[in-house]
Amino acid sequence: MSARVDALVIGAALLRRVRSTFEQATAALARACARNGQLDAARLDQHQVASYELAWVSADLLAADTQLATLGGAGTEVDRRLALVFAVDAITASLARLEMLQLELGLAPAPLQALAASADWAALRVAGGSALALADAGQAVIDAQGDIGAVSLSEALTLAQASFRRVAAEVVAPAAEAIHRQDLTVPESLLQPLREMGVFGLSIPERYGGIAPDDHDDTLMMVAVTEALSEASLGAAGSLITRPEILSRALLAGGTEAQKQHWLPLIAAGDPLCAIAITEPDHGSDVAGLTFKGTRVAGGWRLDGAKTWCTFAGKAGLLMVVTRTDPDRSLGHKGLSLMLVEKPASEGHAFDHHQPGGGRLQGRAIPTIGYRGMHSFDLSFENFFVPDSHVIGEAGGLGRGFYFTMTGMMGGRMQTAERSCGVMWAALRAALAYTADRRVFGKPLQAYPLTLAKLARMAARLAACRQLTYAIARVMDAGGGRVEASLVKLLACRSAELVTREALQLHGGMGYAEETPVSRYFVDARVLSIFEGAEETLALKVIARGLLEDALATGPRDR
């Protein structure tokens with residue numbers, strides 16, 4: 001154990017050296033993207049590739065730093081082994097990215113070259129990246145039966161997560177394959193037990209009928225429950241609480257007291273179910289460019305236009321619709337407001353709702369390769385009336401819809417990160433079970449060093465993402481974490497793709513069969529890097545921009 005602790009100390013020291021080079025590259029890129037001391041949009045676009053790489057280095061370093069800080073000389077033996085595996089992988093990837101950034105930005109390569117040639121880096125690679133180290137780590141994961149990525153939780157959180165895991169295993173998991181393969185809508189037999197457990201009120205304060213504390217957010221509870229449900233099924237359960245969280249947080253941030261008193265208890269009870277309509281066919285993640293139109297009429301607004309990728313819109317009885325209420329397009333996001341649209345719930349893949357006054361709302365489910373059960377819809381609004389009472393914040397909320405929406409998106413990104421961890425849990429456990437039973441060339445698949453190496457790297461990514469997600473949840477509960485929430489989503493979602501890919505690969509041909517759950521994990525994981533902020537948008541517009549702004553604020557101005 002002492003040798004492993006020494007290696008962890010070496011890893012932490014190396015990460016500090018990598019971070020120093022990363023900060024130099026960030027400062028140089030900030031100067032290259034600035035004009036008169038401010039970031040310039042045209043220059044930022046010219047340096048998109050560098051900004052994207054910078055965001056990934058930031059995510060890898062934060063995860064590795066957090067994992068080592070969480071463990072130190074403590075933690076389980078398997079988690080110490082996995083921390084070394086991830087540190088080697090994170091530093092290897094960061095060195096490659098930083099080398100190219102140095103070349104592009106004209107920075108002196110000597111510090112990075114010295115680090116790459118150092119005895120400490122060689123020692124860490126042997127301790128965490130050699131064939132023997134990976135085989136030992138893989139065997140430790142097998143011996144631990146996948147019990148990895150330990151985090152410190154209160155007794156209440158531990159009990160809550162265990163309760164939801166039990167319901168997920170008993171109610172969600174048995175239905176998951178049929179929902180996916182038959183492209184069904186999440187049934188009431190699954191929804192009702194979750195309603196009774198209060199799952200839709202996790203982000204709603206007790207005073208409004210939810211189960212969250214009245215005086216602070218409880219992001220830790222949210223991610224703990226999300227992880228438990230996502231392990232059973234991403235499409236049928238893991239994403240159920242995202243939409244009510246975004247809507248409830250928007251109401252809490254900008255709704256009138258009457259709106260909060262009316263809507264929040266209903267949302268907490270899961271009746272009506274909710275959907276969020278933000279994305280438009282031509283705008284994707286560009287919220288400021290949305291064109292969906294609200295026109296002022298007597299007593300309210302008429303909505304016209306199209307929305308897309310509106311998840312759960314069929315089953316939902318309440319839609320939060322981001323609407324341009326000021327016709328001046330130059331206002332960008334300042335011309336947006338939030339409308340609450342009521343509609344009948346529908347079990348099918350299409351609906352057509354007519355209002356008595358002639359308004360019409362049509363929806364059609366978008367066929368997808370995975371993430372089935374909740375279904376994402378194309379929506380078409382024609383002359384659809386919404387009363388003034390259904391504008392979040394009423395008159396005082398006009399033009400503030402973007403800000404209200406963003407209050408819920410950080411939580412949504414954290415949920416997506418933990419959804420990724422849940423899917424990774426399922427994939428890792430499936431891989432452990434299959435490789436134990438499957439015999440190849442006369443031996444169990446687990447007996448081969450390459451299998452052990454794959455299991456080690458899968459488990460290392462899961463452990464790092466899980467520990468980072470819970471750490472950032474604590475930061476968010478303390479009032480921070482905006483950029484960190486995007487970083488953990490960026491890393492965890494890509495990691496879910498890698499882990500489920502390897503789990504499927506270890507299953508061989510059976511992994512490609514629809515009857516094998518790991519095939520569902522693989523296609524479900526692919527959506528995670530797209531929704532709640534596409535990977536590229538988060539990397540460029542949130543993470544890299546935030547890093548560059550901070551660098552300009554602390555460094556000399558470029559004239």
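Quick caveat, the model's predicted, so the values are computed rather than measured.
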For a quick test of your reading: what N or O donor-acceptor pairs under 3.5 Å do the side chains of residues 96-105 make, sequence neighbours left out?
from: Arg97; atom 1: NE; to: Glu53; atom 2: OE1; distance (Å): 2.7
from: Gln102; atom 1: NE2; to: Ala108; atom 2: O; distance (Å): 3.4

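Salt-bridge annotation for Glu549 and Arg545: present, with a side-chain N of the basic residue lying under 4.0 Å from a carboxylate O of the acidic one. Using a 4.0 Å cut-off between charged nitrogen and carboxylate oxygen, Arg457 and Glu502 do not count as a salt-bridge pair.
Under the 3.5 Å distance criterion, the side-chain polar atoms of Asp477 are matched with a main-chain donor or acceptor of Thr219. Distance alone, capped at 3.5 Å, places no donor-acceptor pair between the Glu418 side chain and the Val225 backbone. Not a single donor-acceptor pair under 3.5 Å links the side chain of Ser20 to the backbone N or O of Arg16. The backbone N or O of Cys33 sits nowhere less than 3.5 Å from a side-chain atom of Asp40 that would complete a donor-acceptor pair. With hydrogens and angles ignored, the 3.5 Å screen pairs a side-chain donor or acceptor of Ser337 with a backbone N or O of Gly399. Within the 3.5 Å criterion, the main-chain N or O of Thr226 finds no donor-acceptor partner in the side chain of Arg419. A distance-only check finds a donor-acceptor pair linking the side chain of Lys489 to the backbone of Leu528 [under 3.5 Å]. Checked by atom type and distance alone, the side chain of Lys307 pairs as donor or acceptor with a backbone atom of Ile278 at under 3.5 Å. Remark: the backbone N or O of Glu227 is not paired with any side-chain donor or acceptor of Ser230 at under 3.5 angstrom. Ser58 places no side-chain N or O within donor-acceptor distance of the main-chain N or O of Leu54, the cut-off being under 3.5 Å.
In this structure, the side chains of Glu535 and Leu490 come closer than 4.5 Å at one or more pairs of heavy atoms. Taking the side chain as every heavy atom from C-beta outward, Met222 and Met414 never approach each other to under 4.5 Å. Residues Val199 and Leu229 meet the side-chain proximity criterion, which asks for heavy atoms closer than 4.5 Å. Using a 4.5 Å cut-off on side-chain heavy atoms (C-beta onward), Trp425 and Ile148 make contact. Leu264 places a side-chain heavy atom less than 4.5 Å from the side chain of Leu252. Put simply, the side chain of Thr279 does not reach to within 4.5 Å of the side chain of Cys310, judged on heavy atoms. Annotation: side chain of Tyr371 is in contact with side chain of Ser239 (closest heavy-atom distance under 4.5 Å). Looking at Ile472 and Val223, their side chains never come closer than 4.5 Å, going by heavy atoms from C-beta outward.
The shortest non-hydrogen separation linking Leu538 to Ser486 is CD2-OG, 3.6 Å. Here the closest heavy-atom approach between residue Met221 and residue Leu157 is recorded as CA-CD2, 3.3 Å. When all heavy atoms of Ala30 and Leu548 are compared, the closest pair comes out as N-CD2, 3.6 Å. Across Val518 and Gly511, no two heavy atoms sit closer than the pair CG1-CA, 3.8 Å. Of all heavy-atom pairs spanning Leu540 and Ser51, the tightest one is CD2-CB, 3.8 Å.
In this structure, Phe522 places its CZ atom where only 12 or fewer heavy-atom neighbours from other residues, nucleotides or ligands lie under 6.0 Å away.
Between the side chains of Glu280 and Thr291, a donor-acceptor pair is found at a separation under 3.5 Å. Side chains of Gln467 and Thr70: no donor on one and acceptor on the other come within 3.5 Å.
The aromatic rings of His349 and His375 are tilted relative to each other, their planes meeting at an angle between 30° and 60°.
For Asp215, the side-chain hydrogen bond (donor to acceptor under 3.5 Å, both in side chains) criterion is met by no residue, not counting sequence neighbours.
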